[in-house]
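The next block holds one structure in the form of structure tokens; read it before the comments.
What's counted below: heavy atoms across the whole structure, side chains too, no hydrogens, waters or symmetry copies. These numbers come from a predicted model, not from an experiment.
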Amino acid sequence: MAEGARGVPKGGTVAVLHQRSTDPPAAEPRREPHPESSPPPQANRPPATGPLHPPTTHPNHSPPAVPHQSPTPHPHQPPAALPSGHPIAHPAQPPEARAQHPRTARPEQSPKRVLGAALGVLLAGAFLVLGYQVRPAPYGDHLTPGPPAHTARARGGVVEAYDGRGVLRWRYARAGRRPVGVLPTRGETITLWDDGLVTDTDGRSVRWHRALPAATAWLRARGGAGVLRPLGRGILAVVTPARIAAYRTADGDLRWVLPARPGCAFRPERAVRHGAVLLVAQPCAHGAWTAQLVAVDDLGGVAPHRTPLGNDRPRAGRPEHPRTEKALASPR
């Protein structure tokens with residue numbers, strides 16, 4: 001063989017080398033692209049070391065088995081495009097496809113949920129109304145309403161109102177309290193209770209409540225004789241040993257207060273009405289007899305050159321207290 005090689009021309013040697021390069025090595029299997037994956041781009045292929053002629057398969061060699069390749073690309077290779085029939089959709093979808101996707105579609109509210117929410121709201125409202133009705137009445141009031149009456153009286157622990165024929169109109173009581181004075185005024189009834197509370201009732205509701213300070217012990221011991229005194233023009237005087245307080249019967253507004261002098265005390269049971277003026281005894285341990293009697297009316301203590309208070313209810317555009325300063329004469 002070595003001798004034959006020496007005699008062969010150079011062109012024959014080249015032909016033998018070309019024939020050997022066309023046979024692929026038996027140990028290296030031949031790879032074919034998988035039908036589900038696309039071949040990598042030309043830029044990522046390694047440069048060829050052999051000739052540019054396509055390799056041919058030897059007739060005595062069978063094609064090597066091609067191993068299954070996963071569609072997942074190599075970490076050093078770009079992701080391959082999936083075919084149109086692949087079950088995984090392309091991430092770039094039109095807006096219509098995304099709107100019809102079951103995950104992004106908003107679920108419809110079932111009728112059961114709507115009915116349950118409405119029932120919950122109705123139950124909450126019913127509980128609020130029931131709680132408002134069963135709550136304790138302020139000041140322990142218990143009123144059996146009825147039409148207005150002309151007369152009223154205390155009977156045990158209840159105030160009863162009657163019409164001109166003696167028919168019962170309404171009843172009013174307070175839990176654990178006893179009325180000690182009743183004064184009917186123009187279809188309303190003012191009641192003084194043993195705990196120092198004054199109330200005004202018109203038969204339909206209790207219009208107002210007013211408390212007398214430091215009068216509970218005295219009322220329980222002496223009673224309420226002469227405490228409630230009407231003064232005219234819708235003003236009520238409540239006389240206690242320490243003070244005389246005047247209230248507006250329309251709304252219970254406090255209009256004025258006259259305290260007793262030091263060392264003296266008012267005697268409501270010895271008060272006398274003289275025209276529009278109420279004369280109230282004010283005994284003192286030391287003092288002239290003229291100081292032991294006071295006169296009051298709806299404007300307060302009777303005194304010369306006093307300024308009117310304006311006890312009427314305030315109107316629109318009218319101040320509560322008018323100007324009280326005296327008018328001065330213009331200079332000459």
**Request:** Would you confirm whether Arg261, through its side chain, and Gln292, through its main-chain N or O, come within 3.5 Å as a donor-acceptor pair?
**Result:** no
**Request:** Search all heavy atoms of Pro213 against all heavy atoms of Arg243 and return the closest pair with its distance.
**Result:** CG-NH1, 3.5 Å
**Request:** Taking only Lys NZ, Arg NE, NH1 and NH2, and the carboxylate oxygens of Asp or Glu, determine whether Arg174 and Asp195 approach each other closer than 4.0 Å.
**Result:** yes
**Request:** Taking the six-membered ring for Trp and the single ring otherwise, decide whether the centroids of Tyr139 and Trp208 are under 6.0 Å apart.
**Result:** no
**Tyr247 and Asp253 side chains, donor-acceptor separation under 3.5 Å** = no
**Flag, side chain of Glu160 to backbone of Trp170, donor-acceptor distance under 3.5 Å** = no
**Request:** Mark yes or no for whether Arg177, through its side chain, and Gly140, through its backbone, hold a donor-acceptor pair below 3.5 Å.
**Result:** no
**Request:** Give a yes or no on whether Leu278 and Val294 share a hydrophobic cluster (residues Ile, Leu, Val, Met, Phe, Trp, Tyr; joining criterion: side-chain heavy atoms under 4.5 Å apart).
**Result:** yes
**Message:** Tell me the closest heavy-atom pair linking Pro179 and Gly156, and the distance in Å.
**Reply:** CD-O, 3.8 Å
**Common cluster, Val239/Leu258, ILVMFWY with side-chain heavy-atom separation under 4.5 Å** = yes
**Asked** Can you tell me if Thr240 and Trp218 form a side-chain donor-acceptor pair at under 3.5 Å?
**Response** no
**Asp141 and His209 side chains, donor-acceptor separation under 3.5 Å** = yes
**Request:** Check for a donor-acceptor pair, side chain of Arg207 on one end and backbone N or O of Glu188 on the other, with a separation under 3.5 Å.
**Result:** no
**Prompt:** In the hydrophobic clustering (ILVMFWY, side-chain contacts below 4.5 Å, transitive), which residues join Val272, or is it alone?
**Reply:** none
**Prompt:** Going hydrophobic residue to hydrophobic residue with side-chain gaps under 4.5 angstrom, can you get from Ile190 over to Ile235?
**Reply:** no
**Asked** For the residue pair Leu168 and Ala161, what are the closest heavy atoms and their distance?
**Response** CD1-O, 3.4 Å
**Request:** Please check if the side chain of Arg210 supplies one atom and the backbone of Gly252 the other of a donor-acceptor pair under 3.5 Å.
**Result:** yes
**Request:** Kindly compute the distance separating OH (Tyr172) from OG1 (Thr199), expressed to the nearest 0.5 Å.
**Result:** 4.0 Å
**Prompt:** Is Leu219 linked to Leu183 within one hydrophobic cluster, defined over Ile, Leu, Val, Met, Phe, Trp and Tyr using a side-chain heavy-atom separation of less than 4.5 Å?
**Reply:** yes
